[in-house]
Amino acid sequence: STDNPKPRGAFIVFEGVDRCGKTTQVGLLVKHLMTAGLAAMAMNFPDRTTMVGDLINQYLKSKQELDDRSVHLLFSANRWEAVPKLEETLSEGTTIVCDRYAYSGVAFSSSKPNLATELEWCKSCDVGLPAPDAVIFLDITQEQAEKRGGFGDERYEQSDMQKQVRKQFDKLQKEDEADGRVPWHFVNAAQTVDEVQHDINKIVESTISSVQESKKPVGKLWK
Ligand code: NYM
């Protein structure tokens, strides 16, 4: 009946440095939720399949040079262009499990020397995006991440950059903590794949029930 509309899906965002295991865990979580009979869908940013995403891909593969602010805005545009689909999916009751979001956008861009003092500018273009119901931060030291095999050859895949990115993630977490709306969950990503998955499943199951019980609409990021 109209008094009992179908509850919306939860919006779960995974963040972390490169090689923390995000992509593996996003896949496992979607499978786990679907096996439990819950509607779930994976998303990822950057989405390289769109026109904007193709520009980002060329930049990451160093086939194209772009100004730091320009490419930052492209990463943000790549999220905004996905908003209609994101909102529709959540409102249909499907949980979205997202591999990177605006936190990666700000953490990576603000790790560049040109934008080091521009955290607020970096955040501004993502203000008002759908806010996650939970951020799962796959926590691993740079040393542990690098033991998992060498970096690829994409832009940003260097030790010093990754260490700075980690610091920027910490700043963003502290700001969200002070604001009190978007909860971050740190998961020890140096554990085995199964152990990490177990921790994540518990967090996500409780997030989904609290989203359903609270009946809160999707929030607006940093607003
Ligand atoms: N990245 C990702 C950004 O610099 N800004 C963003 O907004 C997002 C979503 O792109 N090194 C960076 C982080 C990664 C790179 O991501 C490609 P992936 O998840 O490796 O495809």
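All ligand and atom numbering here is 1-based and tracks the order in the structure. In this chain, numbering begins with 1 at the start of the sequence shown. For clarity, every value in this text was computed on a predicted model and none was experimentally measured.
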Quiz item: Hey, are Ser109 and Asp68 close enough side-chain-wise for a donor-acceptor pair under 3.5 Å?
Solution: no

Quiz item: Phe75 and Phe45: aromatic ring centres closer than 6.0 Å?
Solution: no

Exercise. Could you list which atoms of ligand 1 come closer than 4.0 Å to a heavy atom of Gly105?
Key: 5 (N), 6 (C), 7 (O)

Quiz prompt | Distance-only side-chain donor-acceptor flag, Gln168 / Ser111, under 3.5 Å | solution = no

Practice problem: Among all protein heavy atoms, pick out the one at the shortest distance from atom 18 (P) of ligand 1; state its residue, atom name and that distance to 0.1 Å. | Solution: Arg100 NE, 3.6 Å

Quiz prompt | Identified side chain to side chain contact (heavy atoms under 4.5 Å, CB included) partner of Val97 from the options Val30, Val13, Ile136, Val204 | solution = Val30

Self-check item: Option nearest atom 1 (N) of ligand 1 (shortest heavy-atom distance, choices Phe75, Phe45, Phe151)
Solution: Phe75

Quiz item: Salt bridge or not for Arg166 and Asp170, using N-O below 4.0 Å?
Solution: yes

Practice problem: Mind checking side-chain contact (heavy atoms from CB on, under 4.5 Å) for Leu55 and listing every partner two or more places apart, or none if nothing turns up? | Solution: Leu74

Self-check item: Glu154 N/O under 3.5 Å from ligand 1 N/O
Solution: no

Quiz prompt | Shortest protein heavy-atom distance from atom 11 (N) of ligand 1, along with the residue and atom involved | solution = Asp18 OD2, 3.2 Å

Exercise. Please say whether Arg48 places an N or O atom under 3.5 Å from an N or O atom belonging to ligand 1.
Key: yes

Quiz item: Which part of Arg79 is near ligand 1, with near meaning a heavy atom under 4.0 Å away: side chain, backbone, both or neither?
Solution: side chain

Quiz item: Do Trp184 and Asp176 meet the criterion of a side-chain donor-acceptor pair at a distance under 3.5 Å?
Solution: yes

Quiz prompt | Within reach of ligand 1, part of Leu60 (heavy-atom separation under 4.0 Å) | solution = side chain

Quiz item: Relative to ligand 1, is Asn44 under 4.0 angstrom through side chain, backbone, both or neither, heavy atoms considered?
Solution: neither

